[in-house]
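Below, chains carry the letters A, B, ... as their sequence lines are ordered, and counting in each starts from 1. Computed from a predicted structure; not experimentally measured. Below, all heavy atoms of this structure are taken into account, side chains as well, without hydrogens, waters or symmetry copies.
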Amino acid sequence: MNWLAWINDFLADPAHHAGPDSIAVRVSEHLAFTAQALFWAALPAVPLGLLIGYTGRGVVAVTALTGIARALPTLGLVTLAVLLVGVGELSVLVPLVALAAPPLLVAAAEGVRSTDPEVRDAARGIGLSHPQTLLRVCLPTALPTLLAGLRTATVQVIATATIAAYAGLGGLGRYVVDGLATRNFATTLGGALLVVLLAVAAQLLFAVLIRAAEPPGTGAARTPTGRTDRSTRTHHEELI
Amino acid sequence: MDGEPLVRWPWIGSHLAYLSSLTADHAVIALVPVAVALALAVPLGLACTRFPRLYQPLAAVFNVVYALPSLAVFVVLIPYTGLAEMATVMIPLTFYAVAVLLPTTVDGLRTVPDPVRQAATAMGYGPWHRLAAVELPAALPFLVAGLRVAAVSSISLAAVGALIGRGGLGYLFIDGFQRTFPTPIVAGIVLVVLLALAVDLLLVLAGRLLAPWATRGGAR
């Protein structure tokens, strides 16, 4: 039960230094899955979310749908997809897209809805069209919330892409699943720790991005003491 | 897979008892952690409102916890709690649920405006009485909203436990996958979603019953 020895074993294994089972290859496979899933999820979800937030239509339907989507077990979707379309990128991408799309959709809609109505009126008042108001006024205001949704989606996809290995695909889950199958705990633990590191790195990256995206004078509300009050925002994010 | 239908109804018909026992297992594995998390998050949240300096570091820790991949955490716990043991799945699920519930509890407790707090004190409410009669009821709609998210994601996540030998309905995914037999997988997905929706509905109803004044809790 010596973790350090296990990690040492994992890192010392020459198969993990070069070749198809090397750490560099597995990490890049993992990141490639994640990036593709986020791209295909964002493509429909973000514009749709922006539109729903702007018009205020379909909010109830979206809430109900995201509730169901949140309950969908990804392991079930992956196994079913592999049986239906066979082992391949598609059978892993579809469940990951289903996982990433709802938080993006909700974040886009919530972000636009949080734009001060008076600001929107003012934008219309100075002659901006609806699309211009949405893109130039609401989108910048929504950006921190949108990024928070993207962070949730990214972290979930990084964590869940591990399961893809169960369906015969690459990525860091390979180490976890192969290690479990062969009772080689060093491999499993090494893979698990790498996934954790990736997820935490993504969290940190988004913390920086979200801070940078705060539009001056709008994003974070100021408390009377002058400190930035982020409590309401974190609450929002957790529910996305 | 050729010629194999997506769902073989006779299989479902002949396995009803099996499916319901897996569902019951799943509910225990997924929901006991949420209940434990509630019991942890409320006192933690109270501590955070009394000692505000506590909140930032705690929130940061649970933010990282939330980022940990479930399968990875299950696996890391195996040497301590054992393969196929309930605790190996339930301990991580508890932490995920606390990560969702702590911010919502703190937000809820913070919604009580200072004048209201002072009015309660002026009416002779002691700190405990005020907590029970003013602050906790105010936090209730937030708690219900947080509980809904925590319960639904816990039910969905618990299925992953099947990869290490414990996961209630998740077992159907492994079983169907290994036998190239989609019926159990489809049944498992449907039952997980139904269980989540049923629990969600119960929480909404409980929220309406306990906090009939709230307009917020039901909206999400």
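Residues passing the side chain to side chain donor-acceptor pair (under 3.5 Å) test with A:Thr187, sequence neighbours excluded: A:Asn184.
Of the possible polar contacts, one joining the A:Arg174 side chain to the A:Leu169 backbone as a donor-acceptor pair under 3.5 Å is found. For the pair B:Thr88 (side chain) and B:Leu77 (backbone), a donor-acceptor distance under 3.5 Å is absent. In terms of modelled atom types and a separation under 3.5 Å, the side chain of A:Tyr166 and the main chain of A:Gly173 share no donor-acceptor contact.
Residue-level contacts of residues 24-38 of chain A with chain B do not occur; threshold 4.5 Å between heavy atoms. Proximity to chain A among residues 164-171 of chain B is limited to B:Ile164, judged by heavy-atom separations below 4.5 angstrom.
If you measure heavy-atom distances from A:Leu72 to chain B, the contacts under 4.5 Å come from both the backbone and the side chain. In this structure, the portion of A:Val176 lying under 4.5 Å from any heavy atom of chain B is its side chain and not its backbone.
Using a 4.5 Å cut-off on side-chain heavy atoms (C-beta onward), A:Val195 and A:Leu198 make no contact. Side-chain contact check for B:Tyr55 versus B:Val106: some heavy-atom pair is nearer than 4.5 Å.
For chain A, the option among B:Ile174, B:Val186, B:Thr111, B:Leu157 with the highest count of heavy-atom pairs below 4.5 Å is B:Ile174. Listed options B:Ala196, B:Pro184, B:Gly188, B:Ser156 were ranked by heavy-atom pairs under 4.5 angstrom with chain A; first place goes to B:Ser156. Comparing B:Val190, B:Leu197, B:Val193, B:Ile78 by how many heavy-atom pairs each has under 4.5 Å with chain A, the most go to B:Val193. No other option in B:Leu71, B:Ile189, B:Val152, B:Ile155 has as many heavy-atom pairs under 4.5 Å with chain A as B:Ile189.
Within 6.0 Å of atom CZ in B:Arg179, more than 12 heavy atoms from other residues, nucleotides or ligands are found, so the atom counts as buried in its surroundings.
Using a 30° and 60° split on the angle between ring planes, B:Trp11 and B:His15 fall in the parallel class, below 30°. Using cut-offs of 30° and 60° on the angle between ring planes, the pair A:Trp6 and A:Phe185 is tilted.
The line from CG of A:Leu75 to CG of B:Leu172 is 10.5 Å long, rounded to the nearest 0.5 Å. Rounded to the nearest 0.5 angstrom, B:Leu140 CG and B:Thr105 OG1 are separated by 10.5 Å.
Residues in residues 85-104 of chain B take part in no ring pair (Phe, Tyr, Trp, His ring centres under 6.0 Å) pair, two or more places apart or across chains.
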